[in-house]
Protein chains: 2
Amino acid sequence: MRSVEDLVRLFRERGYKVTPQRRLIFELLAGDRSHPTAEEIYQRVRAVMPEVSRTTVYNTLRELITLGELRPVENLSEGGTRYDTNTTHHHHLFCVQCHALIDIDREFEGIELPPEEAAGFRLVNYQVTFYGYCPDCQRADGGRPSQGKE
Amino acid sequence: MRSVEDLVRLFRERGYKVTPQRRLIFELLAGDRSHPTAEEIYQRVRAVMPEVSRTTVYNTLRELITLGELRPVENLSEGGTRYDTNTTHHHHLFCVQCHALIDIDREFEGIELPPEEAAGFRLVNYQVTFYGYCPDCQRADGGRPSQGKE
DNA sequence: TTTTAGTTTATAATGATTACAGATTAGTAA
DNA sequence: TTACTAATCTGTAATCATTATAAACTAAAA
Ligand SMILES: [Mn+2]
Ligand SMILES: [Mn+2]
Ligand SMILES: [Zn+2]
Ligand SMILES: [Zn+2]
């Protein structure tokens with residue numbers, strides 16, 4: 001995500017107005033590496049401008065996402081937790097269109113995190129997720145989220 | 001996840017009663033590899049026993065999870081979407097206790113999915129997530145979800 | 001059978017997010 | 001500067017996924 005002033009310029013270019021609320025959200029996010037939730041951002045905003053509404057925070061986040069300046073952390077359970085009958089360690093292949101989720105039961109070599117990159121974490125597991133288009137969605141490329149199988 | 005009869009035995013062993021509702025949910029899940037949501041399971045249950053309630057489905061799923069026979073698909077945005085100011089391709093390190101989420105900006109070698117394992121998918125991306133305990137949570141191992149930094 | 005602890009159901013409550021409508025304002029142009 | 005207006009903001013209601021509650025029901029032990 002760019003600097004506050006770049007975001008201001010970008011918003012103006014695209015015909016979005018630059019309000020004090022938006023500018024404050026830019027300032028709070030520009031330096032942030034903590035992957036905050038909307039609620040956390042709202043609380044930080046409120047500490048400075050107590051009258052700002054949650055809706056404005058949600059709206060501004062959505063705008064930043066639309067402009068490609070922010071993104072939601074990847075989440076395979078959009079629209080409800082998904083349950084896995086495979087309780088052993090394994091990886092996944094996810095269709096970004098129809099949300100088909102397929103197990104990958106083999107192991108990958110070379111996925112090590114040297115201590116200096118592990119930020120002091122004691123590691124217990126890791127998981128790889130591949131994103132792509134399943135055969136059904138490649139074919140029916142019209143666009144509507146087909147339901148794949150069944 | 002085990003066979004229906006094994007699940008029946010397991011439930012009896014642990015003092016859970018085996019009701020027709022539970023047995024049906026076992027039957028629907030035992031062969032399933034689709035990573036269904038609670039709502040999808042509920043709809044499948046309802047097609048057979050229309051009077052079963054959503055609550056029973058949720059309860060049974062929770063029991064299966066408690067017994068280690070089922071698990072929720074990993075999700076870094078438990079309790080609300082998290083927003084990422086880093087919009088470029090990168091990986092993550094996640095504290096399973098306080099949910100701290102840290103970027104890993106380097107690439108991993110050897111993460112290839114040969115076509116025969118790709119199930120016909122056209123791949124567009126992949127992501128690695130490491131799970132572990134952050135330094136704060138290793139120290140304060142009492143258990144309560146400390147908030148880490150800030 | 002009878003008993004009862006555990007289970008189910010319907011309904012209410014909660015938490016995250018989106019939809020809406022009326023009040024407010026950024027940015028433009030006179 | 002002032003006036004204008006489309007865009008934005010706020011408060012509130014609605015929606016969706018999930019959990020809590022309490023009264024009715026029942027599996028399984030005696
Ligand atoms: Mn799986
Ligand atoms: Mn990140
Ligand atoms: Zn698909
Ligand atoms: Zn931690």
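Chain naming here is simple, since letters A, B, ... match the order of the sequence lines and numbering starts at 1 in each. Both backbone and side-chain heavy atoms feed into the values below; hydrogens, waters and symmetry mates do not. For clarity, every value in this text was computed on a predicted model and none was experimentally measured.
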Discussion item. What is the distance, to the nearest angstrom, from the OH atom on B/Tyr42 to the P atom on D/dT18?
Written reply: 14 Å
Worksheet item: Once each nucleotide of nucleotides 19-30 of chain D is scored for protein heavy atoms under 4.0 Å, what B/S/- sequence comes out, 5' to 3'?
Response: BB------BS--
Item to complete: Check the surroundings of atom CZ in A/Arg106: do more than 12 heavy atoms from other residues, nucleotides or ligands lie under 6.0 Å from it?
Response: yes
Item to complete: May I have the distance from B/Arg82 (atom CZ) to C/dA16 (atom P), rounded to whole angstrom?
Response: 13 Å
Worksheet entry | Atom-pair distance (CD on B/Glu39; C1' on D/dC16), nearest Å | 10 Å
Fill in: Along DNA chain C (nearest heavy atom to each residue), the more 5'-positioned of B/Phe11 and B/Gly79
B/Phe11
Worksheet item: B/Leu61 has an atom CG; how far is it from atom P of C/dT8, in whole Å?
Response: 12 Å
Fill in: Main-chain N/O of A/Leu61 paired to A/Glu69 side chain as donor or acceptor, under 3.5 Å
no
Discussion item. Within the 4.0 Å heavy-atom criterion, would you say B/Glu51 contacts the bases, only the backbone, or no part of the nucleic acid?
Written reply: sugar-phosphate
Worksheet entry | Aromatic plane relationship, B/Phe130 with B/Phe108 - under 30° parallel, 30 to 60° tilted, over 60° perpendicular | tilted
Item to complete: Take the protein atom CG of A/Asn75 and the nucleotide atom P of C/dA16, then report the distance between them rounded to whole Å.
Response: 14 Å
Worksheet item: Got a donor-acceptor contact below 3.5 angstrom from the B/Glu40 side chain to the B/Thr37 backbone?
Response: yes
Discussion item. On the nucleotide D/dT18, are OP1 or OP2 found under 4.0 Å from the side-chain N or O atoms that A/Thr81 carries?
Written reply: yes
Worksheet entry | Nearest-Å distance for atom pair CZ/P, residues B/Arg46 and C/dT9 | 12 Å
Practice prompt. Apply the test ring-ring contact (aromatic ring centres under 6.0 Å, His included) to residues A/His92 and A/Tyr131: give CA-CA distance (whole Å), side-chain angles for both, the deciding distance (0.1 Å), then the verdict.
Written response: CA-CA 9 Å; A/His92 284 128; A/Tyr131 298 88; over 10 Å; no
Worksheet item: If you pin A/Thr37 and B/Thr60 to their nearest nucleotides in DNA chain C, which one's is more 5'?
Response: B/Thr60
Worksheet item: Hey, would you say the A/Tyr126 and A/Phe121 ring centroids sit under 6.0 Å apart?
Response: no
Response to the item:
Between CZ of A/Arg14 and P of D/dT8 the distance, given in whole Å, is 14 Å
Worksheet, complete the sentence: note: A/Glu78, atom CD; C/dA16, atom C1'; distance rounded to Å ~ 12 Å
Worksheet entry | Polar side-chain atom of A/Thr60 near backbone of A/Thr56 as donor-acceptor pair, under 3.5 Å | yes
